[in-house]
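Take a look at the structure below.
Here is how names work: the chains are called A, B, and so on, in the same order as the sequence lines, proteins then strands, and each is numbered from 1. Computed from heavy atoms alone, side chains included, the values below leave out hydrogens, waters and symmetry copies.
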Amino acid sequence: VYSMTLVIGELCKRGEVDKGKGLLDEMVGRGVKPNEFTYNTFVDAFVKKLDFVGVKKILSEMEKNGVSLNVATYTLLIEGYGSSGKIEEAERLFEEMQGKGIEGDVHVYTTMISWLCKSGNLKSAFTLFDELVERGLVPNAHTYGALINGLCKAGQMEAAETLLNEMQTKGINLNRVIFNTLMDGYCKQGRIDEAWRLQSVMEKKGLQPDVFVYNIIATGLCKLNQHEEAKRCLLSMVDRDVAPNTVTYTTLIDLYCKEGNFVEAKRILREMENKGQNPNTVTYNALIDGHCKKGRMKEAHKLRNEMESKGLVPDVYTYTSLIHGECIFGRIDEALKLFHEMPAKNLVRNVVTYSALISGLSKDGRSDEAFRLYDEMIEAGLTPD
RNA sequence: ACGAAUCAUAGCGCCCA
């Protein structure tokens, strides 16, 4: 079982989940009983693909074979629901785990805390943090990182710095991730000066800037409308032997799209593919949104087909951009069609999606439908901001 | 032998013009 699990794990990591599944079936056929580690490998693979049908299949197989979920399985499931926007479901699983008497560990607490933070529920995150400490568990850099990130995203930089001090008091090593998190927080506040300050603190500790740092600073510059500086920052990476990644290229593509320079955007798309940094859903979303905003809807839909042909799955951002684009040009019925496609694709419509469509409807004089949609949004448990 | 923290993409409003 031990070695089989390793092999299956390797296959799944390479994306050959089907081959792994074949091996699993072969295992069972030969009377080797897979254990929770074996199954978790599959849960991991399906969760990363956001394939919940696949996840459910594995879970029922586990049940059938009398293998129970362990704390790592729950961590994976919570991660999966969190990343697809189903935070209540994630919380429900966390409680289910505790109800079954499975001891939560630092990993699962950190995962839950992270997703609570990401959904803007800092209060619950800190409550959970207290619970973790009360239970005698020791929070580590990941746990603090999750909370610091939450505070940074909420713009609470002083509170984030307080946690940073708390880490130091507790003797937890301040690593790259922690610094990068704070730098990003300051950049999002438009305080690049503070980001530079942290960067020099990092250098004093012997931490050279990595690709994250460049990406963070460049995005900060973009937000301050310093596009040329942002481009220079990203292009300077190469001179300093830092390899650009998908995020770097996507940032550039987004920049060019917003300038309406689709030729350059396309060129970068080809360049990244040539360098083996594959475009992902976000990359295409940037392209699609750029085209939508310039009324190039035909091209936008073409890009959407192109992404799907590469096995990339459109997400809420893709749909919202398309819906918004159709609305701008008065093709509300096209927008509605897209809107209704979403649930079947397992996409959770959020406030942004609804408001794009609601504003489209009302600008088109279809206020009855707009109000109806508004009510539907409230019923879906969404709060307008 | 399994699992956790940092970067890129969407709407409305506000401000400015």
Under the criterion of centre distance below 5.5 Å and interplanar angle below 30°, is [X] classified as stacked on the base of [N]?
X: A/Tyr2; N: B/A1; value: yes
X: A/Phe179; N: B/U6; value: no
X: A/Tyr317; N: B/U9; value: yes

Can you tell me which nucleotide in [options] comes closest to the side chain of [X]?
X: A/Lys293; options: B/A1, B/U6, B/G11; answer: B/G11
X: A/Val316; options: B/A10, B/U9, B/C7; answer: B/A10
X: A/Asp44; options: B/A5, B/G3, B/U9; answer: B/G3
X: A/Thr246; options: B/A8, B/A10, B/A5; answer: B/A8
X: A/Asn215; options: B/C7, B/U6, B/U9; answer: B/C7
X: A/Val247; options: B/C7, B/U9, B/G3; answer: B/C7
X: A/Glu79; options: B/A4, B/U9, B/U6; answer: B/A4
X: A/Asn175; options: B/A5, B/A4, B/A10; answer: B/A5
X: A/Asn285; options: B/U9, B/G3, B/C2; answer: B/U9
X: A/Asn40; options: B/C2, B/U6, B/U9; answer: B/C2

Rounded to whole Å, CG of A/Leu93 lies from C1' of B/G3 at a distance of 14 Å

Base, sugar-phosphate, or nothing for [X], non-hydrogen atoms under 4.0 angstrom?
X: A/Thr111; result: sugar-phosphate
X: A/Val71; result: base
X: A/Asn35; result: base
X: A/Lys188; result: sugar-phosphate
X: A/Val47; result: nothing
X: A/Thr110; result: base

Test side chain to side chain donor-acceptor pair (under 3.5 Å), reference A/Thr38, set A/Asn40, A/Asn35, A/Thr41, output is A/Asn35

Quick one: is [X] getting a side-chain N or O under 4.0 Å of the [N] phosphate, OP1 or OP2?
X: A/Asn180; N: B/C7; value: no
X: A/Lys153; N: B/C7; value: yes
X: A/Lys258; N: B/U9; value: no

| Centroid-centroid distance, A/Tyr374 to A/Tyr354, less than 6.0 Å | no

query = Would the A/Phe94 and A/Tyr109 ring centres measure less than 6.0 Å apart?
reply = yes

In short, A/Thr283 meets A/Pro279 closest at the heavy-atom pair OG1-CA, 3.6 Å

A/Asn140 (side chain) and B/A4 (base): donor-acceptor pair under 3.5 Å = yes

- Could you tell me whether a side-chain N or O of A/Ser321 sits under 3.5 Å from a main-chain N or O of A/Tyr317, the two making a donor and an acceptor? yes

query = Does the A/Asn149 side chain pair with the main chain of A/Cys152, one donor and one acceptor, at a distance under 3.5 Å?
reply = no

**Prompt:** Taking the six-membered ring of A/Phe339, is NZ or CZ of A/Arg349 closer than 6.0 Å to its centre and within 45° of its axis?
**Reply:** yes

Let me have the donor-acceptor pairs involving side chains of residues 217-230 of chain A, under 3.5 Å, with sequence neighbours excluded, atom names and distances please.
from: A/Thr219; atom 1: OG1; to: A/Asn215; atom 2: O; distance (Å): 2.8
from: A/His227; atom 1: ND1; to: A/Glu259; atom 2: OE2; distance (Å): 3.3
from: A/Glu228; atom 1: OE2; to: A/Lys231; atom 2: NZ; distance (Å): 3.1

Protein heavy-atom contacts under 4.0 Å, written 5' to 3' over nucleotides 12-17 of chain B as B (base), S (sugar-phosphate only) or - (none), form the string S-----

